[in-house]
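Below is one structure, written out as structure tokens; comments come after it.
Throughout, a chain's letter reflects where its sequence line sits, starting with A, and its residues are numbered from 1.
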Protein chains: 4
Amino acid sequence: MTTGSVSPRRADTRRNHERILAVAARTLAETGEVSFNAIAKRAGVGVGTVYRHFPAPADLILAVYDREVRHLVDIVPELLARTGPDEAFRTWATGHLAPYMMTKRGLAKALAAATAQRGTLPAGAVQSIREAMDALLKANIEAGLVRPEIDGETVMRGLLGLLYLDPDGDWQRQSADLIDLVWRGIRAD
Amino acid sequence: MTTGSVSPRRADTRRNHERILAVAARTLAETGEVSFNAIAKRAGVGVGTVYRHFPAPADLILAVYDREVRHLVDIVPELLARTGPDEAFRTWATGHLAPYMMTKRGLAKALAAATAQRGTLPAGAVQSIREAMDALLKANIEAGLVRPEIDGETVMRGLLGLLYLDPDGDWQRQSADLIDLVWRGIRAD
Amino acid sequence: MTTGSVSPRRADTRRNHERILAVAARTLAETGEVSFNAIAKRAGVGVGTVYRHFPAPADLILAVYDREVRHLVDIVPELLARTGPDEAFRTWATGHLAPYMMTKRGLAKALAAATAQRGTLPAGAVQSIREAMDALLKANIEAGLVRPEIDGETVMRGLLGLLYLDPDGDWQRQSADLIDLVWRGIRAD
Amino acid sequence: MTTGSVSPRRADTRRNHERILAVAARTLAETGEVSFNAIAKRAGVGVGTVYRHFPAPADLILAVYDREVRHLVDIVPELLARTGPDEAFRTWATGHLAPYMMTKRGLAKALAAATAQRGTLPAGAVQSIREAMDALLKANIEAGLVRPEIDGETVMRGLLGLLYLDPDGDWQRQSADLIDLVWRGIRAD
DNA sequence: CATGAATGAGTCTTCATTCAT
DNA sequence: AATGAATGAAGACTCATTCAT
């Protein structure tokens, strides 16, 4: 009513989207569960609002996934520019992928479930991580550091074990060990 | 009631136990869902019976897991006796672990969920697979084929990607590629 | 606990069925709505119980219908035995069908809705009323009182207007008028 | 805002009114359901607009009803002018009322529901059909073809069975049979 | 021990309705 | 006037769990 007060409705609309996404991200990361009702409550909005923003569960999951993953992808070019390709690979896997995966087991689960229903994930979802990986591999292959027949998908699968790091344990070492194993598995002789 | 009438009940009881386990195994492998009610119905027993045999969901899941995994463990000595350790490792991973994992994603999911609640899995659960793996690694290390500092847990994690093979696709090649990657990752230089 | 108290669970099981049916009958007659939740609450049982007894809405509706309609059917032979066929028809329509229909508009609605989904009603549902009607017509046709080409279905349709009597108004006359109209419409010249 | 800018707004408003009505008519005829939200979407207007035009659901339903029924009423004088009153009655019932009712069961349902809440329908709603009917009856009575004590309401009720014609079946015959029954029921001896 | 009925919490989803813009 | 986002009540349905028999 006063000139100062932000007008509630329309302004909040944008915020809501973000808020729901944030709440969902947290919930998904932890439990892999997405109760629309629960999310609504935690986000302080009505259920209907959640449904308006994300008609189907998959829409929500994918939005969260996208949000979470973008960073992983965006960082790659930078890494490649800063250091040698091998170093870039290790830094990416150790410093970015591992911490990410450790906390996102729930998301992975939800994503898998969403996949199960839709058939394949809407292109660009899991894909984007693959692209990051491919870029790193390509650089390494061109530098003669990695065997050329190596397939990004296989490497990805090899690193999937990062999902099962123990967050309360020695995860740093666990991930370093796995990444080392994978690197030795793909490097040129 | 008296000490005399021993067996008939006991026999039924064992039967039930086995039946429930079998049904649960099937259901878990497929969907990762375990509705106690549904399992009871399919097994042809009352819900109460299921609860008597497996007080908590985790109990059931772990029992199923154990049952499913025993084969994976039992086969190892045989393999080691028949061929060289490297061959044994590859045969085990390719011929037994991979097909097993591909079909047990549901179980893994349930197991993960159970884990999430209990903290850590009751020792001996996932452990048993680790033992199999350790035996194989030990043989290979002693033969000088694998680096001695290699840790079974890490290798296990490296092979976790087998959970994500595509059952309707080229899973044979996918698993071969991953196993090859892992083998190169652990072998002695 | 005392010897006198009826043992709750199993005994109630039978009662529950009846209770749910009774509540549903009332609700259906009035509003044509069957909220399983509401019925459960009014019947003083859990929702799950209602679902156990009547898995699908149609099951409940048909059960209610059956219960309500049986009387209409059972009375016919008696009427035919007691009086002449024309008198029997009028008595049935005026004294039984009309009061019944007046109060069951809701049920008719629900029944229609259930029909819409299932395609046709499980034989024997609406059928039973038709049989009663057919028996009455047959007796009248054999007595030469009603034209032989008359079809029970048509007569039924003619009496469907009884659903729209005004319960708070002069429904006695309204129904008498309609029944008279129909009778004149079917009688032999 | 000023008195000057009259038409453009007004024009849109009328358009909207008509559009909403049209959409609602279609929906109601089919399913008997009127989700204001759904209607708004299909009509390409905001929900708020629908509410402005039709504050309560009943307002919408009645408006639709009126629109649909007008034809039934308007045609009567024409029919009476063209043929004898008995022919007019039959033509009207067979050629206009029957096809109308067969397809408007949904509307009838909605109307009934609306009635249930409001008590009686706002005079003039169902009334208009009654007037048509009365005109036809009056002409027939004056021509000595129909018994003078016949009440339009009763005849209407007799024809209500037309609501339950089977659109996928032999509805032509069904309606002819019913109309014949009714006609015999009202004609002078 | 086994059975399965009952319970009720909790999720999903749809809509009527309000109201800021 | 029109728009459409937000809200929340309400109904459908599923399951985990208890407990009388």
Side-chain angles (χ1 to χ4, degrees), chain A residues 1 5-17 20 33-41 43-53 55-57, chain B residues 1 8-10 12-13 15-17 33-41 44-53 55-57, chain C residues 1 5-17 20 33-41 43-53 55-57, chain D residues 1 5 8-10 12-13 15-17 33-41 43-53 55-57:
Chain A
M1 270 189 181
S5 79
V6 217
S7 53
R9 272 282 159 61
R10 229 53 165 222
D12 271 23
T13 291
R14 282 163 232 137
R15 288 242 177 277
N16 277 159
H17 196 86
I20 293 169
E33 303 289 317
V34 235
S35 160
F36 268 47
N37 280 339
I39 287 178
K41 190 157 293 176
V45 303
V47 224
T49 305
V50 181
Y51 274 91
R52 171 174 291 274
H53 286 273
Chain B
M1 272 192 181
R9 274 281 163 75
R10 268 330 196 308
D12 265 25
T13 297
R15 259 207 195 322
N16 278 343
H17 197 86
E33 303 289 317
V34 236
S35 161
F36 267 46
N37 291 275
I39 287 179
K41 187 160 292 173
V45 302
V47 222
T49 306
V50 179
Y51 271 91
R52 174 170 297 274
H53 286 273
Chain C
M1 272 190 181
S5 79
V6 216
S7 54
R9 272 284 160 60
R10 228 52 164 224
D12 270 23
T13 291
R14 281 163 234 138
R15 288 239 177 279
N16 276 160
H17 197 86
I20 294 169
E33 301 291 317
V34 235
S35 160
F36 269 47
N37 281 343
I39 288 178
K41 190 158 292 176
V45 303
V47 223
T49 305
V50 181
Y51 274 93
R52 172 175 290 274
H53 286 273
Chain D
M1 267 183 187
S5 63
R9 273 282 164 74
R10 269 330 197 308
D12 265 24
T13 298
R15 260 208 193 321
N16 279 342
H17 197 87
E33 303 289 318
V34 236
S35 161
F36 267 46
N37 290 274
I39 287 178
K41 188 161 294 175
V45 303
V47 222
T49 306
V50 180
Y51 272 91
R52 173 170 297 275
H53 286 273

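A:V50 approaches A:F36 most closely through the heavy-atom pair CG1-CD2, 3.6 Å.
For E:dT21, the paired base is F:dA2 (Watson-Crick or G-U wobble, both distances below 3.5 Å). The partner of F:dA12 is E:dT11, judged by Watson-Crick or G-U wobble contacts that both fall below 3.5 Å.
Spacing between atom CZ of D:R15 and atom C1' of F:dA1 amounts to 16 Å, rounded to whole angstrom units. One can place NZ of A:K41 at 12 Å from P of E:dC12, the figure rounded to the nearest angstrom. Here E:dT21 presents its P atom at 11 Å from CZ of A:R14, a figure rounded to the nearest Å. As rounded to whole Å, 15 Å separates atom C1' of E:dC1 from atom NE2 of B:H17.
D:H53 meets the side-chain contact (heavy atoms from CB on, under 4.5 Å) test with D:T13, D:N16, D:H17, D:I20, D:T49; sequence neighbours excluded.
Residues C:V50 and B:G44 each lie close to DNA chain E; by heavy-atom proximity, the contact nearer the 5' end of the strand is made by B:G44.
In this structure, D:H53 reaches the F:dA2 phosphate: one of its side-chain N or O atoms is under 4.0 Å from OP1 or OP2. Taking side-chain N and O atoms only, B:T49 has no distance below 4.0 Å to OP1 or OP2 of E:dC1. Side-chain nitrogen and oxygen atoms of A:N16 include at least one within less than 4.0 Å of the OP1 or OP2 phosphate oxygen of F:dA6.
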If the sugar-phosphate is the primed atoms plus P, OP1 and OP2 and the base is the rest, what is the B/S/- string for nucleotides 10-17 of chain F, using protein heavy atoms under 4.0 Å?
-BBBBSBB

